[in-house]
Amino acid sequence: MTPDVGDILQLVTKRTPEGDDLIKRAYAFAQSAHEGQKRYSGEPYFIHTFETARTLAEIGVSPTTIAAGFLHDTIEDAEIDPEDIRKAFGDEVLFLVEGVTKLDRVRYRGAKRHNESLRKLFVAVSQDLRVIIIKLADRLHNIKTLDHVPEEKQIRIAQETLDIYAPIAYRLGIRKLSRALEDNAFKYVCPDEYQETIDLLKEHKSTDEKRLSKFIRSLQKTLASHSITTARIDYRRKGLYSLWKKLKRKDKNIDKIYDIAAVRIVVPTISDCYKTLGIIHNTWRPLPGRIKDYIGFTKPNGYRSIHTTVFIGDGNIVEIQIKTEEMHQEAEYGVASHLAYKEGKNTKKASPNWDWINHLLPRKKQAHDNHPSQPDDVHNDDDIPQWIKELVVYQNEQKEPEHLEQAKGDFFEFRIFVFTPQGDVIDLPIGSSPIDFAYAIHTDIGNHINSAKVNGKMVSLDTPLQNGDIVEIVTRESREPSTKWLDYTKTTLAQRRIRSATGTTKKK
Ligand code: MN
């Protein structure tokens, strides 16, 4: 059965006739492009592009990005000529589709790189936040259908999802997506732990659910009697993977975890948030030390909400989160919830769009963050990659936009990412030469480097490599390192090896 494009249209936040038309045309184009293709599951390939587009619509991105979601595999897997996409959908959609295609061609395995540098690479290659979001939505459907993929591929894809994709979704604040990615990957990476977590949760759940519904009913009544009538009250369950990580810290004692389910109260205004907190504390006794005001003191990642944990009278305690609708949307959908796209502008030149970095930065300066403990669905600060932290610190010190430019430059111009002919990634300091590259692969390759090809063309050994270059090294057994190479290298690794091979001990 062919899925209905109406299912996606109704999810679009700001519908316009043009937006609807774009989505409908992309739907039809993808359907005919992938005609006859099947996935491992036997399902028509089109289902995959449809589900990718659906996730994008749920996240709340624009019709342009949803259209690109439909088309994301047409170049790579349906051999559609990019010119045809340009003719039918324009430069911007093509730019996004080509961005995703480029990301697909990067292989993360092979070189044992640190996850953080892979995440950086992922971001650097993407160039535009929308490309990353499409790729995350694509990965979500892939991981949900992983059962049908050959076994040897499953673990690699799941591990990569946990190491790279979920943390990026998390850092972009798209928590809904990061939870879904984590929980689906967790099952394949650690099947035993996954089952153990489910079993622990099952034992816990039956009483939990009844208890929560009962508490929510009395909460509704109490708030209504204080004229807070517009509150939407529900609860969210902790993701399995993050529950597992927490269980490990708590000796696997699930009773020590208070936020397996947290009650969420959504009220119209900030003053309603505080009013609600007062009413709750007046009715149920709060657990000392668990009251966290992330509205007054926004978390560095931008998270806003008031948390408290109360005794609900039957000997149990429950965590409560109080927030406005806007705060809720931000917490679930992050940058995607309020990203202002510069749609329609000519992105043919594919100049990187770094606007999204602003959304990773704190909303306001933390004057005195005296909340040492973290809300439990937020990762510890240690989980925040250092390079993001650096950007954040920079931004706190220097508010002017030109300094932000500087901060972006400092980071992205500090390293380059180059590829082996097999597509493995080597991360080098800027200005590195083929000699640095050769030593980064293997000492023997460095010691016997004879010549190098960059993007298929022969270059001299002192040529500075550029971001994205594909570098091929030709070795000759008789070739020996020379002290002159020290001038051509930037990495300490290469210089150390050259000194030891040439017997040069003095530092240049
Ligand atoms: Mn895909």
Side-chain angles (χ1 to χ4, degrees), residues 2-3 5 7-8 11 23 25-59 61 63-82 84-85 88-89 93-109 118 121-123 125-150 153-154 156-166 168-169 172 174 177-178 180-181 184-185 188 336 423:
T2 313
V5 69
D7 291 352
I8 287 184
L11 291 168
I23 291 170
R25 284 191 294 119
Y27 166 93
F29 190 100
Q31 195 171 22
S32 94
H34 293 292
E35 182 78 61
Q37 290 185 317
K38 295 244 187 290
R39 304 253 298 164
Y40 281 120
S41 59
E43 257 185 350
Y45 200 100
F46 177 66
I47 301 287
H48 166 67
T49 63
F50 185 88
E51 289 306 322
T52 302
R54 189 210 295 274
T55 298
L56 289 168
E58 277 169 0
I59 292 172
V61 297
T64 305
T65 310
I66 296 170
F70 268 121
L71 303 171
H72 80 272
D73 278 330
T74 54
I75 296 178
E76 187 76 3
D77 296 309
E79 283 159 27
I80 292 292
D81 184 345
D84 294 342
I85 296 177
F89 300 97
V93 170
L94 176 63
F95 168 74
L96 296 175
V97 175
E98 286 192 317
V100 177
T101 306
K102 198 159 60 167
L103 260 186
D104 283 338
R105 290 179 183 161
V106 176
R107 295 191 328 170
Y108 299 102
R109 66 199 133 150
L118 290 178
L121 168 80
F122 188 97
V123 169
V125 171
S126 310
Q127 295 197 320
D128 189 301
L129 173 60
R130 293 171 297 175
V131 171
I132 301 181
I133 294 179
I134 295 168
K135 197 63 200 146
L136 293 172
D138 166 55
R139 177 51 62 103
L140 180 62
H141 186 252
N142 285 338
I143 196 99
K144 279 183 173 171
T145 50
L146 204 55
D147 260 346
H148 307 284
V149 168
K153 274 179 145 186
Q154 285 179 351
R156 180 182 65 78
I157 292 172
Q159 188 71 55
E160 188 182 272
T161 302
L162 279 187
D163 292 344
I164 300 167
Y165 289 75
I168 289 174
L172 295 175
I174 316 173
L177 211 45
S178 80
L181 286 167
N184 283 287
Y188 295 95

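Only a predicted model underlies this, so the values are computations on that prediction, with no experimental measurement involved. Each ligand, and each atom within it, is numbered from 1 in the order the structure gives. Keep in mind that the numbers below use all heavy atoms, side chains included, and drop hydrogens, waters and symmetry copies.
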About how many Å separate CD1 of I66 and CG of L96, when rounded to the nearest 0.5 Å?
->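 If we round to the nearest 0.5 Å, L96:CG and I66:CD1 are 12.0 Å apart.
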So, is H72 placed with an N/O/S atom under 2.8 Å from the Mn ion (ligand 1), counting both backbone and side chain?
->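 So H72 counts as coordinating the Mn ion (ligand 1), yes.
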Within less than 2.8 Å of the Mn ion (ligand 1), any N, O or S from D77?
->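 No N, O or S atom of D77 is closer than 2.8 Å to the Mn ion (ligand 1), so no.
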Taking just the N, O or S atoms of D73, which one is nearest to the Mn ion (ligand 1)?
->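 Per the distance ranking, D73 contributes OD2 as its closest N/O/S atom to the Mn ion (ligand 1).
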Have a look at D138 and say which of its N, O or S atoms is nearest the Mn ion (ligand 1).
->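 The D138 atom nearest to the Mn ion (ligand 1), restricting to N, O or S, is OD1.
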No-hydrogen, no-angle side-chain donor-acceptor test under 3.5 Å, H34 and D73 =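 There is no such pair between these side chains.
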Between V61 and R130, is any pair of side-chain heavy atoms under 4.5 Å apart?
->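 They are not in side-chain contact.
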Taking the side chain as C-beta and beyond, is there a heavy-atom pair between F29 and I85 under 4.5 Å?
->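 Sidechains of I85 and F29: in contact.
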